[in-house]
Amino acid sequence: MKEKTVYVCQNCGASFPKWAGRCPQCGEWNTLVEKVVEVRKTSPRTLITPTSEPVPITAVPSEDVTRIEIPMLELNRVLGGGIVPGSVILIAGEPGIGKSTLLLQLASMLARESSRPVLYVSGEESVRQIKMRAARLDVREENLYILAETSLEQILNHIERMEPFVVVVDSIQAIYSEYLESTPGSIVQVRECAYAFLKMAKSTGTPVFLVGHVTKAGDIAGPKVLEHAVDAVLYLEGDPFHAYRILRSVKNRFGATSEVGVFEMEEQGLREVPNPSEIFLAERVPNASGSAIAVTMEGSRPLLVEIQALTSPTSFAIPRRTANGIDLSRLLLLIAVLTKRVGLHLSDQDVFVNVVGGIKIKEPAVDLAVAVAIASGFRNVPVAADLAIVGEIGLVGELRGVRQMTQRLAEAARLGFKKCLVPSGSVKAGQRTFDGMEVVPVRSLEEALDIALVR
Ligand code: TYD
Ligand code: MG
């Protein structure tokens, strides 16, 4: 039997039996979305006998969940210390970034560790294609089961029969419910299928990993609609031209968000990188102008990265500004501050900024390193090779304090940097050293440039 569906306007909430391009109620375009009609089980509210009971918070026993530990420390940390039974975890990322690779490795590890069946459902690739990847990854676990299937109902049947330890669904966009008319990958299908897996996970305690694709254009049926439903959302990011991959938790009901794990894509799959700073700095050319080292925080972990900048006289009416790894609007702001507050004539210069290693930095604490790199490139004066830089820049060229300074200083000192420029508001008055590294508090961008760029 087909379930009854209606079309609900996402703008005004009105529902209609037929689809229309424009909502007849509110007049918005393309807002009607198909939904399964839920059969009302009971009649009016007054007749309902309560099935749940409010309890005083003090009467709720505090229980510690036993997490399933993953023998991959980077992944374990991003999840907040392992997999919580019954949780649904979305792994999102652009096509080709390595989601299937990571999850096949994970599934194989879990099958080995638990000696229980682990089910890897692939809606996109055939069993033979997965076998080829598995051969590359040297995966040969008897307990790892591959299912090439796209029907939600079929998959749930298999799960019920098999009772796997963990389920991987690759990808949620490929799965469809036979009870919905929308095409696989549409918002309705993605949402309904995700809820079905969520229900299964909660009732059986089986953890589920869902793969979700995001496109550069911000696919409408992408993981955004899923983020509310699932327990954790992890983004696998990285530049396809670089080997580094960063797994970032953007939501986690059972742990901290913005935790990151760093991996490197190799011939045999993704390998953990326990000391990312060392790798990000490995290819650095010392004493080249236009390069500065920033100390950034990724979650609770400090990371040293090289910021490179190149300026060259423009041949356009409007000079070009290109930012790779930092926000373009942030770069424009820093160029404006350098022009106005420090008197650098960048108005007829093309400016290119690149964060080495293909990682993306969102925090403003790298402002000062970016500004120093630009000034260094423009004036053709190198920054001392043993100088690390931290600081957010305000519009009047002042340096603003940044959080977690101790962790940043510790990491810079550990990697052998001799000197670190910091905003004066971020260190205790009078502090001049940290673990043998010189700490140099500065108040303004101008002051910082005087120290960083010495001939
Ligand atoms: P894949 O996991 O298929 O990406 P996604 O599922 O996110 O679309 O991996 C894609 C890329 O990774 C592919 O271009 C090949 C590369 N790769 C390796 O470099 N080493 C490996 O061991 C594997 C399996 C893939
Ligand atoms: Mg894939």
Side-chain angles (χ1 to χ4, degrees), residues 70-72 74-75 78-79 88-112 118-141 144-150 155 166-176 184-185 189-190 193-194 197 208-219 221-224 226-227 230 232-250 260-273 276 279 357-360:
I70 310 168
M72 219 183 205
E74 293 290 301
L75 190 50
V78 177
L79 284 172
V88 176
I89 297 148
L90 177 69
I91 311 270
E94 286 169 19
I97 207 72
K99 303 179 293 299
S100 303
T101 306
L102 179 66
L103 287 174
L104 194 62
Q105 285 179 273
L106 172 70
S108 128
M109 273 176 202
L110 292 171
R112 185 171 57 232
V118 169
L119 182 63
Y120 187 105
V121 182
S122 178
E124 299 184 345
E125 291 163 310
S126 67
V127 173
R128 277 185 53 203
Q129 280 173 306
I130 299 167
K131 176 71 192 177
M132 274 160 62
R133 183 183 287 119
R136 259 180 99 169
L137 301 174
D138 203 20
V139 163
R140 38 169 137 237
E141 295 309 321
L144 176 59
Y145 288 80
I146 308 294
L147 173 67
E149 180 58 79
T150 50
I155 296 167
V166 170
V167 176
V168 174
V169 179
D170 185 359
S171 69
I172 188 70
Q173 274 103 350
I175 311 300
Y176 74 100
Q189 285 284 9
V190 168
C193 292
F197 286 119
V208 178
F209 284 86
L210 301 176
V211 170
H213 293 298
V214 272
T215 59
K216 284 215 166 81
D219 192 4
K224 286 284 172 206
L226 297 173
E227 286 187 5
V230 300
V233 181
L234 312 182
Y235 271 87
L236 188 61
E237 310 173 336
D239 185 335
F241 301 108
H242 286 87
Y244 305 112
R245 299 287 178 270
I246 289 187
L247 188 67
R248 190 189 300 275
S249 94
V250 296
V260 296
V262 183
F263 298 87
E264 191 171 1
M265 181 63 92
E266 292 185 339
E267 272 304 305
Q268 284 84 35
L270 288 162
R271 192 181 58 83
E272 297 182 74
V273 178
I279 300 211
I359 71 160
K360 293 183 177 61

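Computation of the quantities below employed the complete heavy-atom set of this structure, encompassing side-chain atoms and omitting hydrogens, waters and symmetry-equivalent molecules. Both ligands and their constituent atoms are indexed starting at 1 by order of listing. Numbering of residues begins at 1 and proceeds along the displayed sequence.
Excluding waters, the protein N/O/S atoms found under 2.8 Å from the Mg ion (ligand 2) are S100 OG.
Side-chain atoms of E237 never come within 3.5 Å of backbone atoms of I246 as a donor-acceptor pair (strictly under, hydrogens ignored). In this structure, E272 contributes its side chain and E74 its backbone to a donor-acceptor pair below 3.5 Å. At distances below 3.5 Å, at least one donor-acceptor pair connects side-chain atoms of K99 with backbone N or O atoms of E94.
For V260 against V78, the heavy-atom pair with the smallest separation is C-CG2, 3.4 Å.
Side-chain contact between L103 and D170 is absent, with no heavy-atom pair separated by less than 4.5 Å. In this structure the side chain of Q105 never reaches within 4.5 angstrom of the side chain of S108, judged on heavy atoms. Contact check for L106 versus V168: no side-chain heavy atoms found under the 4.5 Å cut-off.
Of the candidates R271, R245, H242, R271 is the only one forming a side-chain contact (heavy atoms from CB on, under 4.5 Å) with E264.
Atoms OG and CD1, from S100 and I91 in turn, are 11.0 Å apart once rounded to the nearest 0.5 Å.
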Under 3.5 Å, N/O to N/O: give me all the pairs between ligand 1 and the protein, one per line with atom names and distance.
from: ligand 1; atom 1: 2 (O); to: S100; atom 2: N; distance (Å): 3.3
from: ligand 1; atom 1: 2 (O); to: T101; atom 2: N; distance (Å): 2.8
from: ligand 1; atom 1: 2 (O); to: T101; atom 2: OG1; distance (Å): 2.5
from: ligand 1; atom 1: 3 (O); to: R133; atom 2: NH2; distance (Å): 2.8
from: ligand 1; atom 1: 4 (O); to: G98; atom 2: N; distance (Å): 3.1
from: ligand 1; atom 1: 6 (O); to: S100; atom 2: N; distance (Å): 2.9
from: ligand 1; atom 1: 6 (O); to: S100; atom 2: OG; distance (Å): 2.6
from: ligand 1; atom 1: 7 (O); to: I97; atom 2: N; distance (Å): 3.3
from: ligand 1; atom 1: 7 (O); to: G98; atom 2: N; distance (Å): 2.9
from: ligand 1; atom 1: 7 (O); to: K99; atom 2: N; distance (Å): 2.8
from: ligand 1; atom 1: 7 (O); to: K99; atom 2: NZ; distance (Å): 2.8
from: ligand 1; atom 1: 8 (O); to: G96; atom 2: N; distance (Å): 2.7
from: ligand 1; atom 1: 9 (O); to: T101; atom 2: OG1; distance (Å): 3.4
from: ligand 1; atom 1: 20 (N); to: R136; atom 2: NH2; distance (Å): 3.2
from: ligand 1; atom 1: 20 (N); to: E266; atom 2: O; distance (Å): 2.8
from: ligand 1; atom 1: 22 (O); to: E267; atom 2: O; distance (Å): 2.7
from: ligand 1; atom 1: 22 (O); to: G269; atom 2: N; distance (Å): 2.8

